[in-house]
Asker: 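One structure is given below, represented as structure tokens, and several questions about it will come after.
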Amino acid sequence: MLLEKIEQSSDIKKLKEEDYPILAREIREFLLEKISRTGGHLASNLGVVELTMALHLAFDLPKDKIIWDVGHQSYTHKILSGRRDGFDDLRQFGGMSGFPKRKESPYDAFDTGHSSTSISAGLGIAQAREILGEDYSVISVIGDGALTGGMAYEALNNAAQIKKNFIIVLNDNEMSISKNVGGMSRYLSSVRTKEGYAELKKGVEKTLSSIPVVGPGLSRGIYTVKNGIKHLLVPGMLFEDMGITYLGPVDGHDVKAMVQVFKEAKRVRHAVLVHVITKKGKGYAPAEQNPARFHGVDAFDIATGKSIKEKVYPSYTDVFSRKICELAGKNPRLVALTAAMPDGTGLTRFAKEFPDRFFDVGIAEAHEVTSAAGMASAGLKPVVAVYSSFLQRGYDQVLHDVCIQNLPVLFAIDRAGLVGSDGETHQGIFDVSFLSLVPGMSIMAPKNLWELEAMLEFGADYEGPLAIRYPRGQAYRGLKEFAAPVEYGKAEMLYEEKEIALFALGSMVSTGEHVREKLKAKGYSCTLVNARFVKPLDTEMIDRLCENHRLIVTMEENVLRGGMGMCVTRYIHEKYPHIRVIQVALPDAYVEHGNVTVLRAMLGIDSDSVIRRIEEEYLNKEQQNS
């Protein structure tokens, strides 16, 4: 196999041109075999096999720097840079990341995980190169979906000013995760259809170059003519008008053609954009036919494309999807927004049932939030469905555009807490902290699927900014018998006893239930409270607990700093200094990729870890003092 000969980036340069299609096929077979076992990002990686090969052939890595936007399409890059063996434990705890990581390899020039960042990062690296007097190429690879993000345009605007070579590769597959939307998508579609331009350009260059003696000079001097052809045949020529040389479009599955255009791009003494057209999911029929479903997959059967992991229903996303449609049926003012994630956030059903009230803004969370604020100011009830880690990208808009005006925007925050295999850039462990800082924002978290439904009903009628955070995966079905009506700012007493009280939020309520059962088995009395609200905090419930408990244990799946536990502790220490408080939360750190169960145990928030802390920090000391 050719693939077995690739141990570092330079090895691909030893192959013959006729071997390129063979290597591409072997890489796709390898990716299918490995990802079908471990899960991971499939369709995006199948689509960039030849593009990645061409980059490794045309550039000198790791001296030259490739910055992958988002980075979930970097699997072939990892294979070609000598990390083939790492795919056996891809995205598993202690194993290879599914995204570029500088600490993992010198071939990874910049850590990525969120979208629309690669041009900004690449431009920064290129500017550092010039200041330090160094000599290497900088290549930012960005997808057409990522170009729906405003940060990409800010970077393009600045890239036009650089006076040295800086290469932007536009990987155009008409997809982000779901089908692309908006003006940029339509613009690129128009470019893709203008085949006459590419053919005419080739014809002009070929004819001029064939003229004896003066031909090559004429070909080089015809730049202004070619630029005119572009403006004539390609509508707008957005990039050229910004001062960025445009090359392409080029077939993203023709290695030889891409190597040639990359070599041409390296000669440009300013910013240059190479437009490459690829097919997401290429080489695997199920992924070609349904690239959105094969964007990120669990282990699956290659023959059928079907997941081999038994799906347990419903997930919290499923519950949200069903309930938000029910509420929209009752309230014609209710609208829903997503940032290129209708499937992931559960809004696909809403889009089908209420197409005129559904808005996919593309990868543009800041715009999503402010657009929702505008809708709310004009009398609508917008629901912003977003992953916790992606809401970080719209934080200023939450504060400045929603909360200062006290607008009734409902934030449905999916993937709150640990999400597992995608690692540091995707863990939703900061939202409680950063949202709690904003005056006017209220924050809730459900203990089970029925409480999520009740909170959504509450949120649909609430006249102010409100965030409901819920985790990834199966919705908890326990504690169904506890269904007190949702009251603003009020916690829910589940089991009331004495001595030890567990004050748990959201996903940690089920953990608290297990902790209580284990403490009871050891002979200890234990109260369990469902916090429900992080902000406002139910201080009346805390007062009640402090009357007949000596230990309060706060439990949350959020970082400790700025979280619920710190707020509860501050309140108790000011009013009840004799009460002991233990804060169970995540450390002030970024959490790497891995199975959520493994991560919870490692980070000390599973039931056994909580029991150990209670014993070590309270029970053992109480026994010694008695």
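Note that the structure is a prediction, hence the values are computed from the model and not measured.
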Asker: I would like to know whether L42 and L32 meet side-chain contact (heavy atoms from CB on, under 4.5 Å); could you show each step before the answer?
Answerer: CA-CA 8 Å; L42 182 63; L32 280 169; 4.1 Å; yes
Asker: Check this for me, if you would: do E326 and K323 make a salt bridge, where the nitrogen-to-carboxylate-oxygen distance has to be below 4.0 angstrom?
Answerer: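 A salt bridge is present here (some side-chain N lies under 4.0 Å from a carboxylate O).
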Asker: What's the verdict on side-chain contact (heavy atoms from CB on, under 4.5 Å) for V369 and D401, showing C-alpha distance, side-chain angles and the deciding distance?
Answerer: CA-CA 8 Å; V369 174; D401 299 326; 5.7 Å; no
Asker: Taking the side chain as every heavy atom from C-beta outward, state whether Q73 and H41 have any atom pair closer than 4.5 Å.
Answerer: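 No. Closest side-chain heavy atoms not under 4.5 Å.
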Asker: Might you point out which heavy atoms bring P471 and D414 nearest each other, and give the distance in Å?
Answerer: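 In this case the closest contact between P471 and D414 is O-OD1, 4.0 Å.
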Asker: Is there a side-chain contact between M375 and F359, using heavy atoms and a 4.5 Å cut-off?
Answerer: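 Yes. Closest side-chain heavy atoms under 4.5 Å.
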Asker: Does a side-chain heavy-atom distance below 4.5 Å link I468 with F458?
Answerer: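 Counting from C-beta outward, I468 and F458 never come under 4.5 Å.
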Asker: State which residues pass salt bridge (Lys or Arg N to Asp or Glu O under 4.0 Å) with E29; sequence neighbours excluded, sorted by chain then number.
Answerer: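 If we apply the salt bridge (Lys or Arg N to Asp or Glu O under 4.0 Å) test to E29, skipping adjacent residues, the hits are R25.
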Asker: Is K279 salt-bridged to E50, going by a charged N under 4.0 Å from an acidic O?
Answerer: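 Salt bridge absent between K279 and E50.
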Asker: Should I35 and F300 count as side-chain neighbours, where that means a heavy-atom distance under 4.5 Å?
Answerer: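 The answer is yes; the side chains approach within 4.5 Å.
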Asker: Look at the aromatic rings of Y470 and Y316 and report parallel, tilted or perpendicular, splitting at 30° and 60°.
Answerer: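 If you compare the ring of Y470 with that of Y316, the planes turn out tilted.
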Asker: Restricting to non-hydrogen atoms, name the atom on S321 and the atom on G346 that form the minimum distance, rounded to 0.1 Å.
Answerer: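 Closest pair (atom of S321, atom of G346, distance): OG-O, 2.9 Å.
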Asker: Tell me which one of I142, V141, V169 satisfies side-chain contact (heavy atoms from CB on, under 4.5 Å) with W68.
Answerer: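 The side-chain contact (heavy atoms from CB on, under 4.5 Å) with W68 is passed solely by V141 among I142, V141, V169.
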Asker: Any side-chain donor paired with an acceptor under 3.5 Å for T278 and N171?
Answerer: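 Per modelled atom types, T278 and N171 side chains form a pair under 3.5 Å.
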Asker: Under 3.5 Å, is there a donor-acceptor pair between the side chain of T148 and the main chain of G145?
Answerer: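 Answer holds: yes.
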Asker: Between Q397 and H367 (side chain of the first, backbone of the second, donor and acceptor by atom type, cut-off under 3.5 Å), is there such a pair?
Answerer: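 No.
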Asker: Please report the interatomic distance CG(L560) to OG1(T554), rounded to the nearest 0.5 Å.
Answerer: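 Answer rounded to 0.5 Å: 7.5 Å.
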Asker: Under 3.5 Å, side chain of K282 to main-chain N/O of V49, donor-acceptor pair present?
Answerer: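 Not a single qualifying donor-acceptor pair exists.
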Asker: If you look at every heavy atom in A372 and V384, which pair is closest and at what distance?
Answerer: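 For A372 and V384, the tightest heavy-atom pair comes out as CB-CG2, 3.5 Å.
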Asker: Going through the checks in order, is the side chain to side chain donor-acceptor pair (under 3.5 Å) test met by S315 and D318?
Answerer: CA-CA 5 Å; S315 67; D318 295 328; 3.1 Å; yes
Asker: Verify, without hydrogens or angle tests, whether R415 (side chain) and G344 (backbone) share a donor-acceptor contact under 3.5 angstrom.
Answerer: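 The answer is yes, because a donor-acceptor pair under 3.5 Å joins these two groups.
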Asker: Which pair of non-hydrogen atoms, one from F358 and one from A351, has the smallest distance, and what is that distance?
Answerer: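 Nearest heavy atoms, F358 then A351: CD2-CB, 3.4 Å.
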Asker: Could you measure the distance from the CG atom of N595 to the CZ atom of R91? Nearest 0.5 Å is fine.
Answerer: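 Reported to 0.5 Å precision, the distance equals 11.5 Å.
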Asker: What heavy-atom pair brings I302 and Y284 nearest, and what distance separates the two atoms?
Answerer: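 Heavy atoms only, the tightest pair is O-OH, 2.6 Å.
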Asker: State, with a plain yes or no, whether a side-chain heavy atom of M564 is found less than 4.5 Å away from one of F503.
Answerer: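 They are in side-chain contact.
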Asker: Quick one, L347 and I324 - any side-chain contact, counting heavy atoms below 4.5 Å?
Answerer: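 A side-chain contact exists here, since the closest heavy-atom pair is under 4.5 Å.
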Asker: Indicate yes or no for a side-chain donor-acceptor contact from S607 to the backbone of T511 under 3.5 Å, with no hydrogens or angles considered.
Answerer: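 The answer is no, because no donor-acceptor pair under 3.5 Å joins these two groups.
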Asker: Sequence neighbours excluded, which residues qualify as salt bridge (Lys or Arg N to Asp or Glu O under 4.0 Å) partners of K34?
Answerer: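 K34 satisfies salt bridge (Lys or Arg N to Asp or Glu O under 4.0 Å) with D88 once adjacent residues are dropped.
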Asker: I'd like to know if the side chain of N45 and the backbone of H72 have a donor-acceptor N/O pair within less than 3.5 Å.
Answerer: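 A pair under 3.5 Å: yes.
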Asker: One pair to check against side-chain contact (heavy atoms from CB on, under 4.5 Å): R393 and I363. What are the steps and the verdict?
Answerer: CA-CA 10 Å; R393 298 161 63 88; I363 303 176; 4.2 Å; yes
Asker: Please report the interatomic distance CG(L410) to NZ(K381), rounded to the nearest 0.5 Å.
Answerer: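 Going from CG on L410 over to NZ on K381, the span is 5.5 Å.
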Asker: Under 3.5 Å, sequence neighbours excluded: what are the donor-acceptor pairs made by side chains of residues 442-452?
Answerer:
{"residue": "S442", "atom": "OG", "partner": "Y488", "partner atom": "OH", "Å": "2.8"}
{"residue": "K447", "atom": "NZ", "partner": "E451", "partner atom": "OE2", "Å": "3.0"}
{"residue": "K447", "atom": "NZ", "partner": "F482", "partner atom": "O", "Å": "3.0"}
{"residue": "K447", "atom": "NZ", "partner": "E492", "partner atom": "OE1", "Å": "3.0"}
{"residue": "N448", "atom": "OD1", "partner": "W450", "partner atom": "N", "Å": "3.3"}
{"residue": "N448", "atom": "OD1", "partner": "E451", "partner atom": "N", "Å": "2.9"}
{"residue": "N448", "atom": "ND2", "partner": "G478", "partner atom": "O", "Å": "3.0"}
{"residue": "E451", "atom": "OE1", "partner": "K447", "partner atom": "N", "Å": "2.8"}
{"residue": "E451", "atom": "OE1", "partner": "N530", "partner atom": "ND2", "Å": "3.0"}
{"residue": "E451", "atom": "OE2", "partner": "N530", "partner atom": "ND2", "Å": "3.1"}
{"residue": "E451", "atom": "OE2", "partner": "R532", "partner atom": "NE", "Å": "2.7"}
{"residue": "E451", "atom": "OE2", "partner": "R532", "partner atom": "NH2", "Å": "2.9"}

Asker: With a 4.5 Å limit on heavy-atom distance, are the side chains of V419 and V596 in contact?
Answerer: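 The answer is no, as the side chains (C-beta and beyond) never meet within the 4.5 Å cut-off.
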Asker: For the residue pair F350 and F354, does the interplanar ring angle fall in the parallel (under 30°), tilted (30 to 60°) or perpendicular (over 60°) class?
Answerer: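 Aromatic pair F350/F354 classed tilted.
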Asker: How long is the span from the CD1 atom in I67 to the OG atom in S140, to the nearest 0.5 Å?
Answerer: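 The distance works out to 4.5 Å.
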Asker: For E365 versus V386, what's the shortest heavy-atom pair and its separation?
Answerer: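 Taking every non-hydrogen atom into account, CG-CG2, 4.4 Å.
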Asker: Could you tell me the separation between the CZ atom of F434 and the CD atom of Q392, rounded to the nearest 0.5 Å?
Answerer: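 That separation rounds to 5.0 Å.
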Asker: Compute whether any side-chain donor of one residue and acceptor of the other, for D431 and S388, lie under 3.5 angstrom apart.
Answerer: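 The criterion, which ignores hydrogens and geometry beyond distance, is satisfied for S388 and D431.
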Asker: Would you say the side-chain atoms of R333 pair up with the backbone N or O of G379, donor to acceptor, closer than 3.5 Å?
Answerer: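 Pair found, side chain donor or acceptor close to backbone of G379.
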Asker: Can you check whether H426 and F99 have ring centres sitting under 6.0 Å from each other?
Answerer: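 Yes, they do, as the ring centres are separated by less than 6.0 Å.
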Asker: Is a donor on one side and an acceptor on the other found under 3.5 Å between the side chain of S74 and the backbone of H77?
Answerer: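 Answer holds: no.
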Asker: Would you say K78 and S97 make side-chain contact, with heavy atoms under 4.5 Å?
Answerer: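 Yes, close enough: below the 4.5 Å cut-off.
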Asker: Is there a donor-acceptor contact under 3.5 Å from the side chain of E592 to the main chain of F93?
Answerer: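 Here the side-chain-to-backbone pair does not exist.
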Asker: Between S436 and M441, is the side-chain contact (heavy atoms from CB on, under 4.5 Å) condition met? List the steps.
Answerer: CA-CA 7 Å; S436 293; M441 173 60 75; over 6 Å; no
Asker: Answer yes or no: is there a donor N or O on one side and an acceptor on the other, between the side chain of R322 and the main chain of E453, under 3.5 Å?
Answerer: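 Checked: no pair found.
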Asker: Out of curiosity, D343 CG to T317 OG1, how far, rounded to the nearest 0.5 Å?
Answerer: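 Interatomic distance, D343 CG to T317 OG1, rounded to 0.5 Å: 11.0 Å.
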